[in-house]
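Predicted model, so just to flag it, every value in this text is computed and none were measured.
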Amino acid sequence: MNAVTLLVIALLVYALAYRFYASFIIAKILAFDKDRPTPAHTLRNDYDYKPTNKWVLFGHHFAAIAGAGPLVGPVLAAQFGYMPGFLWILIGSVLAGGVHDMVLLFASVRHDGLSLTEIARREVGKVTGGATGIAVLFIIITALAGLSLVVVNALAESSWATFSIFATMPAALFVGWYMNKLRPGKITEATIIGVSLVILGIIAGEPLSRSQWAHWFVYSKGSLVLILAGYGFLASILPVWLLLCPRDYLSSYMKIGTIGALALGILWVHPTLAAPAYTSFVHGGGPIVPGSVWPYVCITIACGAISGFHSLIGSGTTPKMIASEKDIRIIGYGAMLTEGLVSIMALIAATALIPGDYFAINVPPAVFQKLGLSTVNLAALSSAVGENLAGRTGGAVSLAVGMAQIFSSMPGMKHMLAYWYHFAIMFEALFILTTIDTGTRVARYILQEMLGVFHKPFAKGEWLPGVFITSAAISGSWGIMVYMGNITTIWPMFGVANQLLSAIALAIGTTFILKRTKPVYGLVTFVPFLFIFTTTVTAGVMNITGNYLLRHDLQGYINVALTLTMLVLATIIACTCTTSWVKLLRGEKLKPERSSRVEPAPPEIAGEF
């Protein structure tokens, strides 16, 4: 199979889905009103709530939702062959992920830009809201720990990647100040300056890595964890326009630009996929993902098709900056399709590798010896990039090798394999970091809302003691998990937790739709909810019985307890939502659970930010 075929099919399907399906949902089902004031206007405080240019906000939203999942997940799922992952990404992003993201973003905009927890409480009831709050807070901290671990592993001992990523932070601060204070509204000017600074940081990183100053940007795992946690804390407490939004906006150029270049590389090189459409591991027993293709392809590719983490961004920072409801389609549905395209690029890069080389990179050497496969280009690739690539598990390295092979096959690039390999490693770390900073801020919002029940000032976003306390609690929690843990203790929770959250969000979205329009329209969220919930619960049970209990150690029992907790919470939410659907279909009205309206910050307080 030629990779161009998959790429063209994906582009055509995504174009049709965005033009027709997304338009139908936003206009007919959600019935957006472009003239209705959004929370960014009615609650404006220029700290969390601030009307933002739709392209700047698209950049922030895409950068925030696109983390490790769309890059690493498809690479790991390539053990099943290229077809299962391709079909799941394509169908899932159109019928599940895009719908999930757009509906939850719309619901949050209609609920003062508040979190999924508060939407659940208002739309369904207190029990659902409470269970959602506990589930969301646990899941987001676990997700942030897993994502941070990938960044730490990518940056450790890499002065080029560390320097380039550090360089994006002062660039973002300058751009935020430039387009909000120095030259308000001059988006094009700020973009040119900011993108130029980011590119300069990337270019300068390579010669710096060979210079006498390289050791200033080489850090141990422990040091990087502390630095990342500190950055997450700052991104959570500073005004959203100053660091978080401009940094994500600038990073999105890097993300989309690199993926666009990879797409052009595929069109130019016409690589043939070396992996088969399906491997013998579709029935289970794979060396990377031990389970069968269903349900595990849907869990392994945890973001490229649908991701519960997106509902936290869509009910976190983004709805507080939506300038008009007409922007919801491009930001919600459009960003999800863009992430789906990223996943397909990652899948192509991985499956373009010779199967023997792919497995040699992604499994420990002892396991590879038992597979009966032999390497073809691995020794030459290791020599070209200057690193031993065998046994570099986790997906990030094999993705970098696949991307580097495609880039270096273009005219004039033949001798630049090492450059493109290190560039790809840096790109992956940058890709994921933008999810960590936004996720920390969103988790702060959620914790503030929950603590506001006990002490009302916490619920006010402008109350600085609450902002500092909750930000420190969140960044400290995931920082400790990363500092004390490793990939085997953190990552197993991520796939199931993330997809359970997407099922929870779809269930709440179904209630939101049923309360406002024709019952038949509820199918757009109910059908994907049913599939995701069934799939994820099955995977959770299989993890417990076929993986965690077989370990016979403390970590295995902890994983069992945590997985059971998530499954129970998700089941409670699903049952309460189902009860609400039955009542609504019978014509009964649900008892409203409205809280007091969020109050805008007084001018004298907003001015301080």
Side-chain angles (χ1 to χ4, degrees), residues 32-61 64 104-116 118-119 122 172-173 175-187 190 235-249 312-332 437-438 441-442 444-446 448-449 452 456-468 470-471 594-609:
F32 80 100
D33 181 357
K34 65 182 179 62
D35 297 319
R36 181 186 177 114
T38 63
H41 294 283
T42 59
L43 302 173
R44 179 170 182 169
N45 60 10
D46 289 342
Y47 184 65
D48 290 322
Y49 291 85
K50 179 178 174 63
T52 305
N53 175 277
K54 71 176 181 180
W55 296 115
V56 174
L57 189 54
F58 176 90
H60 157 74
H61 184 77
L104 265 295
L105 177 56
F106 184 87
S108 183
V109 169
R110 288 294 176 93
H111 281 290
D112 300 328
L114 292 178
S115 71
L116 179 65
E118 181 63 17
I119 296 171
R122 292 183 178 189
L173 290 169
V175 169
W177 172 75
Y178 187 95
M179 65 182 176
N180 285 279
K181 299 297 181 182
L182 181 64
R183 300 269 288 171
K186 301 296 182 180
I187 306 298
S236 181
I237 64 173
L238 289 175
V240 70
W241 60 265
L242 182 59
L243 176 61
L244 183 68
C245 193
R247 188 187 178 282
D248 287 356
Y249 172 58
L312 305 182
I313 308 302
S315 62
T317 52
T318 303
K320 296 174 175 63
M321 295 186 281
I322 290 277
S324 171
E325 287 188 355
K326 66 182 175 62
D327 298 339
I328 291 176
R329 180 175 66 135
I330 181 65
I331 294 171
D437 52 21
T438 305
R441 194 178 187 99
V442 170
R444 187 258 286 177
Y445 293 157
I446 295 168
Q448 280 190 271
E449 288 178 13
K456 289 185 178 180
F458 270 107
K460 297 180 180 180
E462 68 275 5
W463 189 58
L464 290 183
V467 171
F468 277 76
T470 50
S471 296
R594 297 288 297 180
S595 63
S596 58
R597 181 177 172 79
V598 177
E599 296 296 333
E604 62 273 16
I605 294 179
E608 294 177 6
F609 302 114

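Looking at I237 and F468, their side chains come closer than 4.5 Å, going by heavy atoms from C-beta outward. When side chains are defined from C-beta on, P51 counts as touching R44, because their heavy atoms get closer than 4.5 Å. Between I330 and W55, some side-chain heavy-atom pair lies under the 4.5 Å cut-off. Using a 4.5 Å cut-off on side-chain heavy atoms (C-beta onward), L116 and L104 make contact. The shortest distance between side-chain heavy atoms of F58 and H60 does not fall below 4.5 Å. Put simply, the side chain of T317 reaches to within 4.5 Å of the side chain of Y445, judged on heavy atoms.
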Note to self: side chain to side chain contact (heavy atoms under 4.5 Å, CB included), that's the test. Do K320 and T38 meet it? Break it down for me.
What the structure shows: CA-CA 8 Å; K320 296 174 175 63; T38 63; over 6 Å; no
Check: Under the side chain to side chain contact (heavy atoms under 4.5 Å, CB included) criterion, do K326 and F32 qualify, and how do the steps go?
Finding: CA-CA 7 Å; K326 66 182 175 62; F32 80 100; 3.7 Å; yes
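When atom types are taken as modelled, the side chain of T318 and the backbone of G314 share no donor-acceptor pair closer than 3.5 angstrom. When atom types are taken as modelled, the side chain of R441 and the backbone of G316 share no donor-acceptor pair closer than 3.5 angstrom.
How far CG of D46 is from NZ of K50: 4.5 Å, rounded to the nearest 0.5 Å. The CG atom of D327 sits 6.0 Å away from atom CD1 of I322, with the distance rounded to the nearest 0.5 Å. Atoms CZ and CH2, on R183 and W177 in that order, are 11.0 Å from each other to the nearest 0.5 Å.
Take K54 and apply the salt bridge (charged side-chain N to carboxylate O under 4.0 Å, His left out) test, not counting sequence neighbours, and it matches no residue. When the side-chain contact (heavy atoms from CB on, under 4.5 Å) test is applied to S108, the partners found at least two apart in sequence or on another chain are I119, S315, P319. Contacts of L312 classified as side-chain contact (heavy atoms from CB on, under 4.5 Å), with partners at least two apart in sequence or in another chain: V136, I140, F309, V442, I446, L501. Shown here are the side-chain contact (heavy atoms from CB on, under 4.5 Å) partners of T470, two or more places apart in sequence or in another chain: R444, L447, Q448, L451, F458. Taking D33 as the reference, D35, R36, R110, E325 meet the side-chain contact (heavy atoms from CB on, under 4.5 Å) condition, with sequence neighbours excluded. Residues meeting the ring pair (Phe, Tyr, Trp, His ring centres under 6.0 Å) test with Y178, sequence neighbours left out: F174.
When all heavy atoms of H41 and A323 are compared, the pair lying nearest together is NE2-O, 3.0 Å. Heavy atoms only, all atoms of each residue included: R122 and L114 are closest at NH2-CD1, 3.4 Å. For the residue pair I328 and F106, the shortest heavy atom distance occurs at CD1-CD1, 3.6 Å. For M179 against V56, the heavy-atom pair with the smallest separation is CE-CG1, 4.2 Å.
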